[in-house]
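Structure first, then comments.
Quick note on labels: first sequence line is chain A, next is B, and so on, each numbered from 1. Worth knowing before you read on, the calculation uses all heavy atoms, side chains too, and leaves out hydrogens, waters and symmetry mates. As the structure is a prediction and not an experimental result, all values here were calculated from the model.
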2 protein chains.
Amino acid sequence: MTGRGRPRRADVDEGVLRAAIELLLERGYAGLSPDEVAERAGVAKTTLYRRWPTKDHLAVAVVARLQDDDEITDSGDIRRDLPAYLEKIAAGLNRMRGAGRTGDDPSAGTVAELVAAAARHPDVGALERDVYARRNALAHALLERAVERGELRADLDVEALFDQLTGALYYRVLITGLPVGRAYAERLVDTALRGAAREKE
Amino acid sequence: MTGRGRPRRADVDEGVLRAAIELLLERGYAGLSPDEVAERAGVAKTTLYRRWPTKDHLAVAVVARLQDDDEITDSGDIRRDLPAYLEKIAAGLNRMRGAGRTGDDPSAGTVAELVAAAARHPDVGALERDVYARRNALAHALLERAVERGELRADLDVEALFDQLTGALYYRVLITGLPVGRAYAERLVDTALRGAAREKE
């Protein structure tokens with residue numbers, strides 16, 4: 001006995017997901033082959049398929065992993081933290097939109113493929129919705145702390161506010177094909193914080 | 001000569017699109033067969049394929065046609081007109097989400113398939129983005145008239161506001177799977193018009 005046994009499950013998962021992210025960004029959704037991911041990660045195909053039965057399951061796991069990489073910073077200043085977090089979401093969307101291709105294609109690319117994968121398999125859809133629910137709970141908590149500090153109004157509908165901010169980013173990427181980034185994130189936060197109604201005199 | 005000639009192109013288009021909408025709602029995206037649409041509309045397959053080379057082209061034409069059916073009402077009261085228009089968008093999304101299926105499946109269904117179709121073919125994507133650009137210009141004009149009347153503030157970023165309102169609806173349908181309808185439309189408009197920042201004392 002040497003003390004070396006089978007790698008721990010968490011290490012296997014991490015290795016597979018890292019290889020899957022790499023391959024997805026290189027080749028796009030069409031080029032994400034679970035067999036090749038297994039080979040790059042140095043795990044048996046059966047190990048991979050036992051954990052992620054289809055390519056769509058693997059793709060949702062990649063999305064969850066990438067979201068966990070994006071920290072939500074709470075500096076105590078919501079006018080700074082909110083554009084910063086939206087900019088991270090935009091960067092993630094831009095990375096997926098451009099996965100596996102070059103040039104300025106305005107289409108949603110892999111972002112659209114991930115949405116379609118979630119719609120295609122009920123269990124993948126349930127996983128995907130769970131990933132977003134857990135993730136968005138953290139963003140809602142960020143907003144609630146700003147309400148408690150008195151930066152945001154006391155009766156704010158934090159869920160509606162966050163849906164509007166992040167929803168605008170997804171809408172541009174998935175539907176209108178317009179660019180998203182820091183400047184647009186700032187426009188969104190400014191518009192949402194000030195409100196659209198004419199100020200009372 | 002009897003005076004009856006070939007039907008006008010606009011009439012053929014209308015008949016094909018009506019048949020396509022009917023079939024899409026009945027069977028969902030997977031069940032949208034251009035051959036069956038041609039048969040139901042009573043036109044030659046070659047006529048249909050000349051105008052819409054693939055099922056994806058036909059599907060985008062259906063989306064454009066359905067959007068044209070949704071009137072944007074301007075009553076002169078933006079607090080009434082905006083929730084009403086968002087409710088129409090939500091109803092359209094709900095109809096597509098539920099196309100071809102029964103029960104309370106929270107997945108995006110045909111909405112996701114349409115997004116994927118636009119991402120798959122560059123020319124379909126360009127058509128889809130054009131449909132939304134033309135449509136959203138009408139919504140922007142509605143908001144601009146409310147600015148001119150003094151209901152909304154003079155320096156409002158109408159594009160950012162509209163992206164937030166409509167984007168939240170698409171985000172719920174495509175990503176989080178939560179319901180959209182009148183009550184949610186009202187929450188969105190209230191949140192966006194009042195603004196999230198604490199009111200100045």
With rounding to the nearest 0.5 Å, note down the distance linking CZ in Phe162(A) to OG1 in Thr191(B). 14.0 Å
Name the option with the most non-hydrogen atom pairs under 4.5 Å to chain A; the candidates are Ala116(B), Gly150(B), Gly109(B). Gly150(B)
Does atom CZ of Arg101(A) have more than 12 heavy-atom neighbours, drawn from other residues, nucleotides or ligands, at distances under 6.0 Å? yes
Close side-chain approach of Tyr170(A) to Ile175(B), heavy-atom, < 4.5 Å: yes
Residue among Arg120(B), His121(B), Glu128(B), Arg129(B) satisfying side chain to side chain contact (heavy atoms under 4.5 Å, CB included) with Ser107(A): Arg129(B)
Counting only non-hydrogen atoms closer than 4.5 Å, does Leu156(A) touch chain B with its backbone (N, CA, C, O), its side chain (CB onward), both, or neither? side chain
With chain B, the option among Glu151(A), Glu113(A), Arg153(A), Arg97(A) that has the most non-hydrogen atom pairs under 4.5 Å is Arg153(A)
Kindly compute the distance separating CG (Leu174(B)) from OH (Tyr171(A)), expressed to the nearest 0.5 Å. 11.0 Å
Which region of Arg172(A), side chain (C-beta onward) or backbone (N, CA, C, O), has a non-hydrogen atom less than 4.5 Å from a non-hydrogen atom of chain B, or is it both or neither? side chain
Side chain, backbone, both or neither of Asn136(B) within contact of chain A (heavy atoms, under 4.5 Å): side chain
Contact class of Ala133(A) relative to chain B, heavy atoms under 4.5 angstrom: neither
Rounded to the nearest 0.5 angstrom, the OG1-CG distance for Thr176(B) and Asp130(A) is 12.5 Å
Side chain, backbone, both or neither: which part of Pro106(A) has a heavy atom under 4.5 Å from chain B? both
Contact leader toward chain B among Leu114(A), Val115(A), Leu152(A), where contacts are heavy-atom pairs under 4.5 Å: Leu152(A)
Between Val147(B), Leu165(B), Leu188(B), Leu161(B), the one whose heavy-atom pairs under 4.5 Å with chain A are most numerous: Leu188(B)
Okay, Leu178(A) and chain B: the region with an atom under 4.5 Å from a heavy atom over there is side chain
CD (Glu39(A)) with more than 12 external heavy atoms under 6.0 Å: no
Spacing of Arg198(B) atom CZ and Arg149(A) atom CZ [to the nearest 0.5 Å]: 11.5 Å
Does Arg194(B) pair with Asp155(A) as a salt bridge, N-O distance under 4.0 Å? yes
For a quick test of reading the model, state the closest non-hydrogen atom pair linking Arg187(A) to Asp157(B) and the distance between them. NE-OD2, 2.7 Å
Considering residues, nucleotides and ligands other than Arg182(A), do more than 12 of their heavy atoms fall under 6.0 Å from its CZ? yes
